[in-house]
2 protein chains.
Amino acid sequence: MGRENWQMIRDRLSEKIASGSFSPGDRLPTEPELCQLFGAGRHSIRRAVAALAVEGKLRVEQGRGTFVESAPLINYHIGRRTRFRQNLQEQGLAPGGDQIAAEIVPAPARIALALALEEGAAVHRLLNRGLADDVPISIGLSWYCAARFPDFAERRAAGEAVSDIYAAHGVTDYFRRSTTIFARRAEEEEARLLAQHPLLPVLVVQKTDVDEAGRPIGHSEAVWSADRVQFTFDTDPPGAERTDDRRS
Amino acid sequence: MGRENWQMIRDRLSEKIASGSFSPGDRLPTEPELCQLFGAGRHSIRRAVAALAVEGKLRVEQGRGTFVESAPLINYHIGRRTRFRQNLQEQGLAPGGDQIAAEIVPAPARIALALALEEGAAVHRLLNRGLADDVPISIGLSWYCAARFPDFAERRAAGEAVSDIYAAHGVTDYFRRSTTIFARRAEEEEARLLAQHPLLPVLVVQKTDVDEAGRPIGHSEAVWSADRVQFTFDTDPPGAERTDDRRS
DNA sequence: CCGCATTTGTTCGTATGTATT
DNA sequence: TAATACATACGAACAAATGCG
């Protein structure tokens, strides 16, 4: 009914965090200490802590302790001309990234379809991580035609922007065609790379880039930390002001 | 290490569901029976079941049992002309809805801003639930200027479509201005209304409708079951074909 | 309407494993 | 190596919700 012992503890703990009794980065008292503090068993304490960890308010590290999380928030604007770097820079954040894996593989059916290639055609398969102010915010699986962009992986690994690599191969301008977005629970590996709790949701964003002629040139499926990012889509040309609030 | 006992049980259970040993709607064996079946304690069983419930594969009901869930999936297209009913009908689903609450209140600051009204101006505050084939898919908190649409709540309660109510007040056409979307864990009340697990994520979609002159006429903040709905945004005018796959 | 059996929910105790310092 | 702290696991008891006679 919302007043079970572990829920009471969860709420009291949450309030202590919100009110500043525990500040971001602080280490919480140990579990035995919390047991005494709240007059409860370790099971109840662990359950309350687990619930707050799922909400992103706490981060638990085995052998070290439990810490209060600080949650920045990024508002990522999506439109026809969306560019990762520009988007972050407009919010005063330093865009960054690192390459996790890169290989050339035969295109799976759905990728071939998205890129308008023959199934099995050689494509780059890149796994990248996006950072904002050195905090991981996304993991992107990207696909590009290997014949059209032979050196894509090398250039990307060297830190070159996607826009610049496109430009080097004659794509002077490009657009985002459609974007599909949904949420699911993070997988273990994703949670690790995003440095977030495994039970926290992630936003999965699938999109295809097309060149000026409308031909698809790249496809990506990115996993975003739902705790750190929200997306805004503008469907009205004149840029009227918006409310950018959240969780209110 | 990914092969703890409860994780093994979770995976074995998941496989049984995927392979059809347990079919959607079936009741699982009771916890003591599962203990014997997997040779584990009740803690491990409950943890495995809880994990699958969070993923939406199982639904647990106190006093009745644990059931295998069936998960339909809706692809909701968002654009300038998005309409709830039309959207669902295009996918062969029966749109529906019920009103949970309706009142006239002074506009809070952010609503007044979104609707271009004075703070405190009288606005309708409607809480509605959206259904697809009688399955709950969204809970929407909507706001409309009470002066401009005096009978909005009554008409809505009577089942009239938003478009028709707009039209009855001289709004012959309207558009969706911007859409903001993010994910978070469902709150208890939301989970109950959406008939989904409290730990499952929901997608929160904030949008503002504007009339032909660009004046805001309605604002809504809807919570969508992330397990049943994905969103697609088209940012490329020509309707090129898309891949509608997911979780692949 | 009541009482009982069934089934899941919560809590405690206790022991052992694993990661960090 | 030892101490600390979180992770996993088993057993047991009682509470709460449901369904049935």
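Reminder, nothing fancy here: chain letters follow the sequence lines and each chain counts from 1. Everything numeric in this text was worked out from a predicted model, so none of it was measured. Only this structure's heavy atoms are used, side chains among them; waters, hydrogens and symmetry mates stay out.
Taking 3.5 Å as the limit, the base of dT18(C) and the side chain of Gln62(A) contain a donor-acceptor pair of atoms between them. On a pure distance criterion of 3.5 Å, a polar donor-acceptor pair joins the side chain of Arg42(B) and the base of dG9(C).
Judged purely by distance below 3.5 Å, without hydrogens or angles, the side chains of Thr180(B) and Lys207(B) never pair a donor atom with an acceptor atom.
The aromatic rings of His43(B) and His43(A) lie parallel to each other, with less than 30° between the two planes, well short of the 60° mark.
Atom CD of Glu61(A) and atom C1' of dA19(C) are 11 Å apart (whole Å). In this entry the distance linking CD of Glu33(B) with C1' of dT8(C) reads 13 Å, nearest Å. Per the geometry, CZ belonging to Arg64(B) stands 12 Å off P belonging to dT7(C), to the nearest Å.
The side chain of His43(B) approaches dG11(D) more closely than any other nucleotide in the set dA7(D), dG9(C), dG11(D). Closest contact between the side chain of Arg46(B) and the listed nucleotides dG9(C), dT8(D), dC12(C) involves dG9(C). Relative to the side chain of Thr30(A), the nucleotides dC6(D), dG19(D), dT20(C) differ in distance, and dC6(D) lies closest.
Between dT10(C) and Arg47(A), a contact under 4.0 Å exists linking OP1 or OP2 to a side-chain N or O. Between Asn5(B) and dC10(D) there is a side-chain polar atom (N or O) within less than 4.0 angstrom of OP1 or OP2. Residue Thr66(B) has no polar side-chain atom (N or O) positioned under 4.0 Å from OP1 or OP2 of dT7(C).
For the pair Arg110(A) and Glu221(A), the salt-bridge criterion is met [side-chain N within less than 4.0 Å of a carboxylate O].
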message: Applying side chain to side chain contact (heavy atoms under 4.5 Å, CB included) to Arg184(B) and Val223(B), what does each step give before you reach the verdict?
response: CA-CA 10 Å; Arg184(B) 60 166 165 76; Val223(B) 174; 4.0 Å; yes
